[in-house]
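Below is one structure, written out as structure tokens, with a few remarks after it.
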Amino acid sequence: AQAIYSFASAALTTFGHAARSPRLVMSHSPCTLPFSLVLLLALAAQPIKATECLRTGSADIGCDADANSLLQAKRLRDRGQSALHTAASHPQDYEHEMTMSVQHYWQRVKGSRPGTAKVKTTIEHGKYKGVTVAAGCYLPDPSNEQRAWWGYECSINNWENGTFYYINTLVDPPQFDSAERGEIIAVACENVYCPSPPVDDCYYSPGICNKDEWCWHQEHEKFGYWGMMSRRGYGEQLSQQTNTFGWSQPPYCDGWQSHFSAVSTNGDNESNGISAQSVVQSYLQWCPEQAETPTGTWRPIQAQCVKYRKKWESCIDNALSYPDAAITPKYKVLETSGMPFERPLLCHPDLVCTGADYEVMPSTCVPKREKDACFYGSWWDSTMCPRKIAQERYKLDGGLNWNLTIESLKTAILTYPGDIAQPGTCVFWSNSTWAKGIYSNRGDDVERTSKQLYQIVGLLWPHRVLPPPPSYDELMAMLPNPYTCDGVTTAEICEKMSQESADPKPNCVHQKLADAASLQWQPCKTWSLVHFFMHNLPDPVPEVVANAAQALAAFLGQRFVCDDCRGFFQEGVIKPYGLPPISAKGSDIAHWYWYGHNVASEHVATTRGTHPWLTQIGTQNTIKVPANWPTWKMQNPWFMPWSTSVNQWTSSWTLETAEHNECVQGTKLILGWGHTAGECLDMCVASPQCDGFNIEIHKLMGGPTCCFFAGPVLTQPTLQTTCYRVIRKRP
């Protein structure tokens, strides 16, 4: 290691002198001269050594595709490969499937959204006074209180070793930036803290827990390389020179080379007053070549120190023990089954656990999740919250109107495993309808998936609340499809245009792909649609509709965008509680989705701030984070009472439809012009005095239009007219 450091230091000095030549910087990306240096320093700095490939002599036997998802989860990047060639478990990893031009353009779009800091800003007033926020990150919004208010593209700088120098890609053009620990940085991470705090392993390093902590371990069958398969074979080397295994590389590292090349520097090789050498040095420390993800993702046993639970906190069970303490197991296991604790919910030895049935956090008093709230986190874009908009903009106490339902449906219909294809790439859209040839197999599977979901949606559609849904073709025409751009007739053309530079102006394909990716990144819309449907099922529920409600759960368990999320849904919800019931009672089905979502929400990043292994709920964590950003400040209430769910999602009106009939004798109202039943419904619902409307063919307008009315009415048969009566539910 000493020899490597000496050689690397000399190389860095050479690079530092050479970097003063702007010509050299512009003609050599970090993957040429600097990247030899990256490898040397990373090898010297990281005592954990793990390789994915079994080498025989000079032949590389196993560095390509593997057929096992557990092995893919290792994500070790042999030979400096980026996340493009590895399995993704974090949704932002899918972003790197886009072409670099689309990624660069989308970064600029995200950094210029309303509410973001235009320059590096130090907050001068309020509860976050003194916090410095990088340009491109959201600033606190008093009208929308969030714990992680900076947005999913930014994070809290958790680097302990001095100033962090990095590339801010949320500004236009990209520039070098710097930050001290605790500042908000324009770096996407799998955690609200970036880099993620390491989790010390008390299994490989016994005796590191304090007196008020216990060693919580997890054990799995066939989690080692011996239980995995690949097409070409893999070997394994593991060093135990350190007890820190719970560390993951930020997504920032994946696109670093491209972003570095995109920064314009002056004659002194600086941008924004920061030298390229400083940025490279920070990169070498943040993004080493070896052990870039926790080896705990595939080891059969892993453990960490956690605090004992205190009085009135939740618990799972008592730990197995015997009167003769000498024969009590070293590691705590459940008294009832002898298995390790799934969550670290063990009472202090002076206390006892009462036990309960709630799988992930039994018998716990937890804060209630409030009505109409979507929480920001480190994984998804939750800035467009359907129920919050419904309450604030449309004054709807419950449910969704037509516009919010369609906007949510546009996100839901893009549901497809992001590890196979995502809508920010041409692959997603390249089906046989648009472009035969390359990618069409995956594109055709995307189309089959969306048609299956549309079939399920059609059966669950709340006809008692909304007019009929748009057709499949009408819905797909609402989406930002790159094949609707002029001249894009083949997958090759689409791919070529996506790789063109987006400077100074993005082309049509850039814009379509970025807009499509943005839609899919808003799963709060998908789940809003699900709960809205389930709380407004017909009574009684026909069997075909109950089947669709059950099929939707299976669909989400198999086809949801994020593979990590699918795993939580399958293991944490479907496995212990089964699928939704086939019941004629709508409340039975809605109750399953309510309870299942409460179980799943205990895991999610908007509750914890990151993956559940990296951050525990409350004050149990032993990880190191900035003093002014304790983990509990990043966490949100997740358990919504059933009564709140009913009030939030049940529509405050029902809709009666009479085709080929006109409602007459009511008092006419002037509320505006609408051309579809959905548009007219939204205008009527927004007006307290409106009791319905007629849709008729208007000769002067040249198409359908609506006429609103108030008061009791009679209907009379009239061709080409449909009467809609809005019956409001009184408190």
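Note: hydrogens, waters and symmetry copies are ignored here, and every other heavy atom, side chains too, is used. These numbers come from a predicted model, not from an experiment.
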Handout entry: Side chains of Tyr483 and Ser430, donor plus acceptor under 3.5 Å
Key = yes

Problem - Heavy-atom neighbours of Glu500 CD exceed 12 at 6.0 Å - result: yes

Practice task
Over 60° means perpendicular and under 30° means parallel, so classify the ring planes of Phe568 and His603, tilted if in between.
Solution key: parallel

Practice task
Answer yes if the side chains of Asn636 and Thr606 hold a donor-acceptor pair under 3.5 Å, and no otherwise.
Solution key: no

Completion exercise
Given the options Trp653, Phe693, Trp402, Tyr724 meets ring pair (Phe, Tyr, Trp, His ring centres under 6.0 Å) only with Phe693

Practice task
Answer yes or no: are there more than 12 heavy-atom neighbours, outside Gln720 itself, under 6.0 Å from its atom CD?
Solution key: no

Exercise for the section: Describe, in one word, how the ring planes of His535 and His531 are oriented to each other, choosing from parallel (under 30°), tilted (30 to 60°) and perpendicular (over 60°). Expected result: tilted

Problem - Trp527 and Ser408, any side-chain heavy atoms less than 4.5 Å apart - result: no

Handout entry: Close side-chain approach of Thr484 and Trp429, heavy atoms under 4.5 Å
Key = no

Handout entry: Residue pairs passing the disulfide bond (SG atoms under 2.5 Å apart) test where at least one lies in residues 386-423, sequence neighbours excluded
Key = none

Exercise for the section: Could you tell me how the ring of Trp594 sits relative to the ring of Trp642: parallel (under 30°), tilted (30 to 60°) or perpendicular (over 60°)? Expected result: perpendicular

Handout entry: Check ion pair Asp397-Lys729 (N to O, under 4.0 angstrom)
Key = no

Donor-acceptor contacts, no H, no angles, side chain residues 107-115, under 3.5 Å, sequence neighbours left out:
| residue | atom | partner | partner atom | Å |
| --- | --- | --- | --- | --- |
| Gln107 | OE1 | Lys110 | NZ | 3.1 |
| Gln107 | NE2 | Thr169 | OG1 | 2.5 |
| Arg108 | NE | Asp172 | OD2 | 3.4 |
| Arg108 | NH1 | Asp503 | OD1 | 2.9 |
| Arg108 | NH2 | Ala502 | O | 3.2 |
| Lys110 | NZ | Glu95 | OE1 | 3.4 |
| Lys110 | NZ | Glu153 | OE2 | 2.7 |
| Ser112 | OG | Arg108 | O | 3.1 |
| Ser112 | OG | Val109 | O | 3.1 |
| Arg113 | NH1 | Asp381 | OD2 | 3.2 |

Practice task
Verify whether the ring centers belonging to Phe560 and Phe569 lie closer than 6.0 Å.
Solution key: no

Exercise for the section: For residues Cys154 and Tyr138, determine if any side-chain heavy atom of one lies less than 4.5 Å from a side-chain heavy atom of the other. Expected result: no

Problem - Arg387, CZ: over 12 other non-hydrogen atoms inside 6.0 angstrom - result: yes

Exercise for the section: Say whether Ser450 and Tyr472, considering side chains only, have a donor N or O and an acceptor N or O under 3.5 Å apart. Expected result: yes

Problem - Electrostatic pair Arg448:Asp445 at N-O distance under 4.0 angstrom - result: yes

Problem - Heavy-atom side-chain proximity of Val457 to Pro469 below 4.5 angstrom - result: no

Handout entry: Student check: side-chain heavy atoms of Glu392 and Ser143 closer than 4.5 Å
Key = no

Practice task
Using only heavy-atom distances, determine whether the side chains of Tyr105 and Asn507 contain a donor-acceptor pair under 3.5 Å.
Solution key: no

Practice task
Quick one: closest heavy-atom pair of Ser101 and His510, and the distance?
Solution key: CB-NE2, 3.5 Å

Problem - Pairwise distance CZ(Phe709) to CG(Asp691) - rounded to 0.5 angstrom - result: 7.0 Å

Practice task
Could you tell me whether the SG atom of Cys385 lies less than 2.5 angstrom from the SG atom of Cys524?
Solution key: no

Practice task
Taking atom CD of Gln689 as the centre, report whether more than 12 heavy atoms of other residues, nucleotides or ligands fall under 6.0 Å from it.
Solution key: yes

Practice task
State, with a plain yes or no, whether a side-chain heavy atom of Val726 is found less than 4.5 Å away from one of Leu655.
Solution key: yes

Exercise for the section: Using a 4.5 Å cut-off on heavy atoms from C-beta on, say whether the side chain of Leu460 contacts that of Met534. Expected result: yes

Practice task
Could you tell me which non-hydrogen atom of Leu459 sits nearest to which non-hydrogen atom of Ala548, and how far apart they are?
Solution key: CB-CB, 3.7 Å

